[in-house]
Structures are given as C-alpha cells and as structure tokens.
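In what follows, a structure is listed as structure tokens, so that the remarks can point back to it.
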Number of protein chains: 2
Amino acid sequence: MQVAAACEPRHDAPRASRAVPIHVMPRGAAPRHATPRCSACAMRQICMPPELTPDQLAQLDEVICSTRSIKRGEALYRAADPFQSIYAIRAGSFKTVVMHRDGREHVTGFQIAGDTLGLDGICGGKQNCDAIALEDSVVCIIPFTQLEAICREMKPMQHHIYQMMSSEIVRESSQMMLLGTMSAEQRVATFLLNLSKRFKARGFSGAEFHLRMTREEIGCFLGMKLETVSRMFSKFQRERLVQANGKTIRIEDAEGLGRV
Amino acid sequence: MQVAAACEPRHDAPRASRAVPIHVMPRGAAPRHATPRCSACAMRQICMPPELTPDQLAQLDEVICSTRSIKRGEALYRAADPFQSIYAIRAGSFKTVVMHRDGREHVTGFQIAGDTLGLDGICGGKQNCDAIALEDSVVCIIPFTQLEAICREMKPMQHHIYQMMSSEIVRESSQMMLLGTMSAEQRVATFLLNLSKRFKARGFSGAEFHLRMTREEIGCFLGMKLETVSRMFSKFQRERLVQANGKTIRIEDAEGLGRV
DNA sequence: CGCCGAATTGATCTGATTCAAGTGCGGTGG
DNA sequence: CCACCGCACTTGAATCAGATCAATTCGGCG
C-alpha cells in the first residue's frame with residue numbers, strides 16, 4: 001500500500017533544523033547525517049526531561065549524535081528488523097503498522113515531531129511493527145544500549161524513559177477503549193481532538209492543520225472503513241463542527257466535537 | 001458490577017505459597033503481610049530476569065518484602081490512586097478496567113499469576129485504571145522508587161523492566177489489532193488460544209482451564225456484547241473446536257481455533 | 001490536458017447489537 | 001433435604017450501524 005500525504009507543511013512553528021554548528025560524524029550507513037545537539041534542539045522539552053544540567057546534556061550529545069532522513073512512504077524500520085535504537089522524530093511524521101500473519105494490517109499510531117518511535121522493539125530484540133514516514137522526515141537515532149548506560153547514571157533520564165514507556169501503555173489503553181466501546185462517530189471526533197491537542201502542544205495551530213495520512217490510514221487506525229471515515233467528516237461538516245477540505249482540517253467547534 | 005468467578009482453582013501446578021522461612025516485617029496497612037522471598041519464589045522465572053546472582057537476589061529480597069491479599073471483587077488499586085508501587089501477582093487473577101468520563105468501561109487486560117500490574121501508573125504519578133481481583137489473590141508489592149534504585153545498579157534488572165514495559169506495549173498493540181480488524185468469532189478464538197498459552201507457560205494445563213471472568217467481562221475485553229461471546233462459545237462447541245461448560249473450557253482443536 | 005489515486009456519496013447487505021424469553025446452577029433459608 | 005431465589009448464561013427474533021459494492025467527483029502531477 002502506497003502512502004499518500006500530498007500536502008506540504010504550512011506551519012511556521014518550531015522546526016527541528018536550526019542554525020547550529022553541525023557536529024560532523026558520519027557513521028557508516030548512507031542516509032545518516034551528523035546532527036545538531038540535543039542541547040540546542042527545539043524539541044528537547046518534548047522528548048527529554050526538563051531538569052537536565054548542561055553537563056548532562058553534553059553527555060546526551062555524546063550518544064545521540066546522528067540523525068536519519070526518511071522519504072515519504074519509506075520505512076524507518078520494519079517488523080523483525082533487529083532492534084538497536086529508538087528514535088525521536090525531529091521533523092515530519094510517521095505511522096506504525098502491525099501486520100497479522102494473514103496479511104491483515106492495523107495502524108497502531110501516528111507519530112509527529114517530538115514523539116518517540118521504537119519502544120516496542122525492546123522486547124524480543126526485534127521491531128514489532130513497521131514505521132513508515134507519512135512525509136519526508138528526520139529522526140534522531142538513540143542507540144539503546146548507550147541510553148541504558150546513561151540511565152544508570154542519570155536519574156532524571158532513567159525516570160524519563162519509564163515515563164515515556166508508561167505513557168505509551170496508557171495511550172494504547174485509551175485506544176483500546178476507543179476501539180472497543182465507541183461508535184464510528186465518536187472515534188473520528190476523538191481522533192481529531194487528539195491530533196488537535198498534540199499539534200497545539202508543539203506550537204502548531206490546534207484549530208487548523210493538515211492530515212498527513214489518507215482516509216484509509218485513518219480508518220485502519222480507528223477500526224473502520226475509509227468510506228465511514230469520509231461519511232463522518234461530511235457529517236461533522238454538515239453539523240458545523242469541523243470544516244474538512246481534503247486533507248485540511250479546521251475545527252470549528254471543539255466543544256461540540258467533544259460532546260459527540 | 002460484582003465479579004463472578006465461582007469455580008475454585010483445580011490445578012496442582014506451581015503455586016506461589018511455599019514452605020519457606022517467612023521474613024516478618026509488617027509495614028503499616030492492615031492487609032499487608034510479610035512474605036517469602038523472591039529468591040525462593042516459584043514465579044521468579046516469570047517475573048524476574050533469569051540471570052541474577054544470589055547476591056542480587058538478596059538485594060531484591062530487601063526491597064520486595066511484603067505482599068497483600070485481595071478478596072474477589074475488591075480493588076488492588078483504582079484509577080487516580082497515587083502511584084507508588086508495581087505489583088507482581090503471586091496467586092490469583094485480576095482484570096484491569098479503564099473508565100471513560102461518560103461511564104463507559106473497558107477491560108484492558110486479564111492478569112494471572114506471574115503477571116505484573118501497575119506499569120501504566122508510572123506516568124502521571126497516578127494509577128490509570130482499576131485493578132480488580134477476579135478471585136481471592138495475593139500480590140507482591142514492589143516499591144517503584146526503590147526498584148528504580150536497584151535498576152541503576154543492576155543491569156539485568158534494569159533491562160528486565162524495559163522488557164516488561166515493552167512487552168506490555170506489544171501486547172496492547174496486538175489487542176488493538178484484534179479490536180480493530182477481527183470478527184467476533186476470531187476475537188473469541190484468539191482470546192481462548194492466548195489464555196491457553198499463558199496457562200501452559202505457567203505449568204497449568206493449556207487444554208483445559210477455568211475462566212475466572214464472566215461472559216460480560218470477556219465481552220468488555222474483546223469489544224463485543226456478552227450475548228455475542230456466548231454465541232461464539234456455542235458455535236465453537238458445535239464445530240467441536242472447544243468444549244465450553246459454563247466457566248470450564250476444554251480446547252479440543254487448537255489448530256482449528258487458530259484457523260478461524 | 002489528461003491521468004490516476006483519493007475522496008465522496010448513494011444503495012444495499014450483513015454481522016453484531018438489542019430486546020426478550022427462557023435455562024441452569026450455586027447458595028440460602030425454611 | 002428440598003424449594004426457591006438470584007445471577008450468569010443461552011438462545012431466538014428484530015433491528016441497526018457499519019461494511020460492501022458501485023458510481024462519480026476531486027485534485028495533484030506529469
């Protein structure tokens with residue numbers, strides 16, 4: 001299945017790339033690049049604990065010293081790939097897809113800048129899903145063994161990783177509740193509000209944004225068919241809750257959406 | 001809602017309680033008891049990393065020094081309780097239930113002896129679900145702050161916690177796939193096979209076992225109504241895949257169940 | 001300009017829910 | 001010891017939400 005996501009980013013909010021001295025340190029594989037440091041990264045508040053000292057940040061910079069660019073539709077990793085690193089999204093967005101042996105696919109999440117990828121690979125030593133870029137994206141590579149070492153020395157960092165993993169468990173619990181108990185209408189409303197909240201938390205507009213994924217991918221995430229997703233969008237539009245124009249979404253009445 | 005689980009355990013497989021010198025050390029709250037040590041626990045292979053030295057086990061015994069008994073239908077913890085410890089189930093079983101603000105309930109998992117409870121409470125510092133005993137049960141209390149300290153010193157233990165959390169993420173991903181893509185029939189089949197596998201891994205029979213939860217709870221876990229669960233049991237019975245007699249389940253044709 | 005995949009919309013079908021009427025079993029009290 | 005009660009479970013019939021099938025329309029791109 002090819003990935004859609006035709007729209008270009010339109011936000012002028014925090015981008016990951018910065019005018020920062022680049023620490024050149026290529027490491028083998030082609031699509032890896034040297035990268036600006038955590039200590040200077042605009043996403044730091046989101047992917048790292050807030051209370052790190054400059055000293056500790058320097059330690060981090062030692063370990064998280066390369067990034068990787070992934071083109072739209074390409075995989076950052078695939079299920080069964082050996083697990084070595086987790087990834088922090090610097091720019092762009094991804095979907096994670098699990099596949100059943102019978103070919104059935106399910107999208108387990110959409111990740112945007114500041115989110116983390118790969119935590120599910122720790123167990124079993126290999127990736128458990130495909131992570132596919134929804135647009136051209138850049139991730140920071142965080143070698144897990146080295147991260148573990150850091151966590152043994154740096155309490156806030158240790159705690160932060162537990163927090164991240166626990167949050168992911170909680171997020172998935174909510175998604176299970178959504179899939180298990182909500183109507184199609186409620187699922188789509190919840191999905192839009194959740195996206196809105198996350199964009200807002202990252203300095204983008206929470207009221208108007210671009211979907212980087214197709215209706216089919218949304219449906220696959222929400223446990224329904226793309227036609228149903230489309231119908232719900234139309235319904236919300238009729239009810240003046242959202243303005244949906246292809247991939248551009250404008251939330252007109254967040255209150256109302258929440259009450260659905 | 002009252003919990004059912006009328007049947008008594010009938011297995012003579014590994015039980016948690018053992019004739020081991022009891023390290024008496026009451027700690028405040030009434031329903032806590034001193035407890036046999038990890039170093040002597042039959043569940044250790046399941047809830048702890050295998051490669052611990054006797055020395056390291058002794059350290060664990062220092063920290064995991066109390067248990068708690070929970071009667072059928074009672075809560076080990078409830079959503080919004082302050083998070084302090086995680087729990088390892090020594091004997092018995094639980095369900096974890098998340099509740100939406102509108103009162104909608106969803107069962108996120110069933111846990112049996114050897115499983116861990118409370119990992120989702122780490123983030124936000126408070127519990128995110130109710131953990132309700134499906135039968136009279138006993139858990140080991142693992143104070144999380146102390147566990148974190150141990151993990152900073154004990155590499156295998158540190159890794160083990162990451163593994164456990166990652167496994168939980170993977171388990172929930174599979175459950176999302178189940179909820180998002182499978183028919184009622186497939187969900188129930190998957191549920192039975194999964195339970196079977198887990199019982200087997202703990203030394204119980206994988207072919208015949210007792211459900212400790214009601215049809216309603218199963219339905220709430222699988223995203224369907226109790227009537228549908230019941231119908232699927234009847235269907236499998238007609239097809240000679242399982243023998244379902246109230247809460248007693250005998251799997252006649254695991255192969256066939258898997259093919260559903 | 002024309003093509004192709006994505007999205008919308010309508011008509012129909014179906015698996016699961018809902019509603020309703022039993023059945024079976026364990027526990028209680030006479 | 002048995003009759004009765006309550007609760008979980010089963011089963012059938014009617015209904016409905018969402019899936020499926022099908023026909024356009026839209027929109028980005030070569």
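Hydrogens, waters and symmetry mates are skipped; everything else that's a heavy atom, side chains included, is used. Just so it is clear, the structure is predicted and the values come from calculations on it, not from any experiment. First the proteins, then the strands, lettered A, B, ... as listed; each starts at 1.
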Point to revise | Chi angles and distances behind the side chain to side chain contact (heavy atoms under 4.5 Å, CB included) call for Val260(A), Leu241(A) | key: CA-CA 10 Å; Val260(A) 158; Leu241(A) 296 174; 4.1 Å; yes

Exercise for review: Rounded off to whole Å, could you give me the CZ-to-P distance for the Phe233(B) and dA8(D) pair?
Suggested key: 16 Å

Practice item. Please tell me if the side chains of Ile169(B) and Glu172(A) come closer than 4.5 Å, counting only heavy atoms from C-beta onward. Key: yes

Point to revise | Given DNA chain D, 5'-ward residue of the pair Arg215(B) and Glu227(A), judged by closest heavy atom | key: Arg215(B)

Exercise for review: Figure out the CG/P separation between Leu226(A) and dG10(C), and round it to whole Å.
Suggested key: 16 Å

Exercise for review: Rounding to 10 degrees, work out the angle separating the end axes of the helix from dC1(C)-dG30(D) to dG30(C)-dC1(D) (five pairs an end).
Suggested key: 30°

Practice item. Take the protein atom CG of Asn245(B) and the nucleotide atom P of dC25(C), then report the distance between them rounded to whole Å. Key: 8 Å

Practice item. Decide if atom CG of Asp102(B) counts as having more than 12 heavy atoms of other residues, nucleotides or ligands within a radius under 6.0 Å. Key: yes

Check your understanding: Of all the nucleotides listed (dT17(C), dA7(C), dG18(D)), which has the minimum atom distance to the side chain of Ser230(A)?
Key -> dA7(C)

**Study point:** Ser173(A) and Thr108(B) side chains, donor-acceptor separation under 3.5 Å
**Key:** no

Review point. Between Lys235(B) (NZ) and dT10(D) (P), how many Å, whole number?
Key: 16 Å

Check your understanding: Counting side-chain heavy atoms from C-beta on, which of dT17(C), dG27(D), dT10(D) comes nearest to Lys225(B)?
Key -> dT17(C)

Review point. Between Ala244(B) and Glu185(A), which has a closest nucleotide on DNA chain D that is more 5'?
Key: Ala244(B)

Exercise for review: Remember a base hit wins even if backbone is also touched, and classify Ser234(A) as base, sugar-phosphate or nothing at under 4.0 Å, heavy atoms.
Suggested key: sugar-phosphate

Check your understanding: Where does the angle between the aromatic ring planes of Phe209(A) and Phe199(A) fall among parallel (under 30°), tilted (30 to 60°) and perpendicular (over 60°)?
Key -> tilted

Review point. Are any of Lys247(A)'s side-chain N or O atoms less than 4.0 Å away from OP1 or OP2 of dG27(D)?
Key: no

Check your understanding: Any side-chain heavy atom of His100(B) sitting closer than 4.5 Å to one from Met177(A)?
Key -> yes

Check your understanding: Within this structure, what is the CD-to-C1' distance between Gln186(A) and dG18(D), rounded to whole angstrom?
Key -> 14 Å

Study note, to complete from the structure: To the nearest angstrom, the CE-C1' distance between Met224(A) and dA16(C) comes to 16 Å

Review point. Does Arg231(B) make a side-chain donor-acceptor contact with the base of dT18(C), cut-off 3.5 Å?
Key: yes

Exercise for review: Could you check if a side-chain atom of Tyr77(A) sits within less than 4.5 angstrom of a side-chain atom of Ser85(A), using non-hydrogen atoms only?
Suggested key: no

Review point. dT10(D) P sits how many Å from Phe236(B) CZ, rounded?
Key: 13 Å

Review point. Nearest to the side chain of Ala184(A), which nucleotide is it out of dT17(C), dG18(D), dG27(D)?
Key: dG18(D)

Practice item. Starting from C1' on dG28(D), measure out to NE2 on His210(A) and report it in whole angstrom. Key: 14 Å

